[in-house]
Each structure stands twice: as C-alpha cells, then as structure tokens.
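Computation of the quantities below employed the complete heavy-atom set of this structure, encompassing side-chain atoms and omitting hydrogens, waters and symmetry-equivalent molecules. The model shown is predicted, which means the values in this text are computed figures rather than measured ones.
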Amino acid sequence: LTGKGTLGGYSSFSNDGKSLSNTWLAGNDEDFTFDGKVTGADAFTKTGTGRMTVAGAWDNTGAVRVNEGTLLLKSAASLGTGSLTVAAGAALMGTSKSSNPLANSSFTINGTIQPGQSATAVTGNLNFNGKNVTVGTTGRIVVGLRKSAGTSSPNNSYLTNIGTLK
C-alpha cells in the first residue's frame, strides 16, 4: 500500500510465503477514505460494516474482495486489474468515468452494485470496460430514479445497458 489516508481501525496483511504477494485486510465499522493505492501482486479485502471511499488509482494485479460494508469509488479511482468480487451483504457504489473504466479481469456481484456517490443518488456511471459482470442469485443492481417536479411518477430519461440482461 502506498499513499495517504487512514485504513480505519483494522488493517493487516498476510503473505503466502511463495509468490511474494500480500493480502491486505482493511476496514472497520466506521466510514473512512483512502487516497492511496494498492500495488504489485497484492490482493485486497474490504472488511467491516463501514463505508470505505477509494480515491486513488490502484495498479495491483491481485484479487479485490468486498466482503463487508460498502466500497465507494470516487470518479478517478480504480481497483487494479485482478478479479473484483462483491460478497452477499456487501456493496460496490460510486462512479467510474468512461475515460477511466474499471480494468479488473472479472466482476462477480453477490451483493449490491449501485452507481452514484450515495444510497439516494439518481445519477452515476459504473463503467466495467465492456466486460461481463456476473450477478449471482443474491446479487442486486440498484438504480435510483428521480421524480419530475409536480409529478407522482419517476422521470427516467434513459438507462443504458451495454450487453445482455439474463
């Protein structure tokens, strides 16, 4: 790990002793921001029920796992090139610019994915770089809708899906 930020009340790593790759465990039950990055072959696991806001561009090749709580991406953030998995009960939220799509090798969602910077966001874009996103039986895709002034129904101008929903 490099950069600035506080990893919360709990942070540890383990090394498999062979491949020179570490697994970082970070998180707690409070919200925090990490502006740094995960590097090298390191893997990363988000733990704890709090929200971790990621603002840095990670360049790690190891797996990224959101096991608990929420991982919130700022628009310039990225999560390396290894696999990205969101566990049941956990969430991936945020915004990734079309000029800065997520570059992970695969995406498996067993929890929640929600575009936008908050649970009530009605705008946002999570760009998976044209790759397949596997949503498991416990997975949810949450999209906020906005009501027009003076109406009782949502006014959704568009919802873009590039790919096939099955």
Side-chain angles (χ1 to χ4, degrees), residues 1-11 23-136 138-146 158-163:
L1 289 168
T2 65
K4 62 181 181 169
T6 302
L7 288 176
Y10 175 77
S11 177
T23 298
W24 290 92
L25 301 174
N28 62 20
D29 297 335
E30 295 181 17
D31 297 348
F32 63 98
T33 298
F34 179 59
D35 291 334
K37 66 182 182 177
V38 180
T39 62
D42 289 357
F44 181 88
T45 300
K46 158 67 176 84
T47 62
T49 59
R51 181 181 66 214
M52 176 180 178
T53 301
V54 174
W58 298 3
D59 60 9
N60 61 307
T61 58
V64 174
R65 293 178 186 86
V66 184
N67 282 354
E68 298 175 294
T70 299
L71 190 66
L72 175 67
L73 300 175
K74 292 299 206 178
S75 63
S78 61
L79 299 173
T81 58
S83 63
L84 173 61
T85 302
V86 179
L92 174 67
M93 295 176 59
T95 304
S96 57
K97 296 179 180 179
S98 57
S99 60
N100 187 36
L102 294 173
N104 300 83
S105 60
S106 65
F107 303 95
T108 303
I109 311 299
N110 294 311
T112 300
I113 57 172
Q114 182 174 1
Q117 294 295 314
S118 72
T120 58
V122 294
T123 61
N125 175 27
L126 282 172
N127 185 340
F128 295 100
N129 205 21
K131 294 181 182 160
N132 290 333
V133 177
T134 301
V135 179
T138 59
R140 299 181 328 138
I141 302 170
V142 177
V143 180
L145 298 175
R146 174 184 354 206
Y158 63 91
L159 176 63
T160 304
N161 176 53
I162 302 170

**Q** Taking all non-hydrogen atoms of both residues, which atom of E68 and which atom of A90 are closest, and how far apart?
**A** N-CB, 3.9 Å

**Q** So which pairs with a foot in residues 61-98 pass ring pair (Phe, Tyr, Trp, His ring centres under 6.0 Å), sequence neighbours left out?
**A** none

**Q** As an exercise, state the distance from CG of N67 to OG1 of T47, rounded to the nearest 0.5 Å.
**A** 8.0 Å

**Q** So, taking the atom named OG1 in T53 and the one named CG in D35, what distance separates them when rounded to the nearest 0.5 Å?
**A** 9.5 Å

**Q** How far does CG of N110 sit from CZ of R140, to the nearest 0.5 angstrom?
**A** 13.0 Å

**Q** Can you tell me how far apart CG (L102) and CG (N127) are? Round to the nearest 0.5 Å.
**A** 7.0 Å

**Q** Verify, without hydrogens or angle tests, whether N60 (side chain) and G40 (backbone) share a donor-acceptor contact under 3.5 angstrom.
**A** no

**Q** Do L71 and L79 have side chains that get closer than 4.5 Å, going by heavy atoms?
**A** yes

**Q** With distance as the sole test, does N129 use its side chain to make a donor-acceptor pair with the main-chain N or O of K131 at under 3.5 Å?
**A** no

**Q** Below 4.5 Å, heavy atoms only, C-beta onward: do L73 and L126 meet side chain to side chain?
**A** yes

**Q** Could you work out, with salt bridge (Lys or Arg N to Asp or Glu O under 4.0 Å) as the rule, every residue matching R65, not counting sequence neighbours?
**A** none

**Q** Give the minimum heavy-atom separation between A76 and A57, together with the two atoms involved.
**A** O-CB, 4.2 Å

**Q** Can you name the closest pair of heavy atoms from T70 and M93 and give their distance?
**A** CG2-SD, 3.8 Å

**Q** Test V38 against V64 for side-chain contact (heavy atoms from CB on, under 4.5 Å), laying out the working first.
**A** CA-CA 10 Å; V38 180; V64 174; over 6 Å; no

**Q** Sequence neighbours left out, what pairs pass side-chain hydrogen bond (donor to acceptor under 3.5 Å, both in side chains) with at least one residue falling in residues 79-96?
**A** T95-Q117

**Q** Classify the side-chain pair T49/D29 by whether it contains a donor and acceptor separated by less than 3.5 Å.
**A** yes

**Q** Just verifying a value: how many Å separate Q114 CD and L72 CG, rounded to the nearest 0.5 Å?
**A** 10.0 Å

**Q** Got F107 and I113 here, is their nearest side-chain heavy-atom distance under 4.5 Å?
**A** no

**Q** Crowded around K74 NZ? As in, over 12 foreign heavy atoms under 6.0 Å?
**A** no

**Q** Supply the atom-to-atom distance F44 CZ to M52 CE, rounded to the nearest 0.5 angstrom.
**A** 3.5 Å

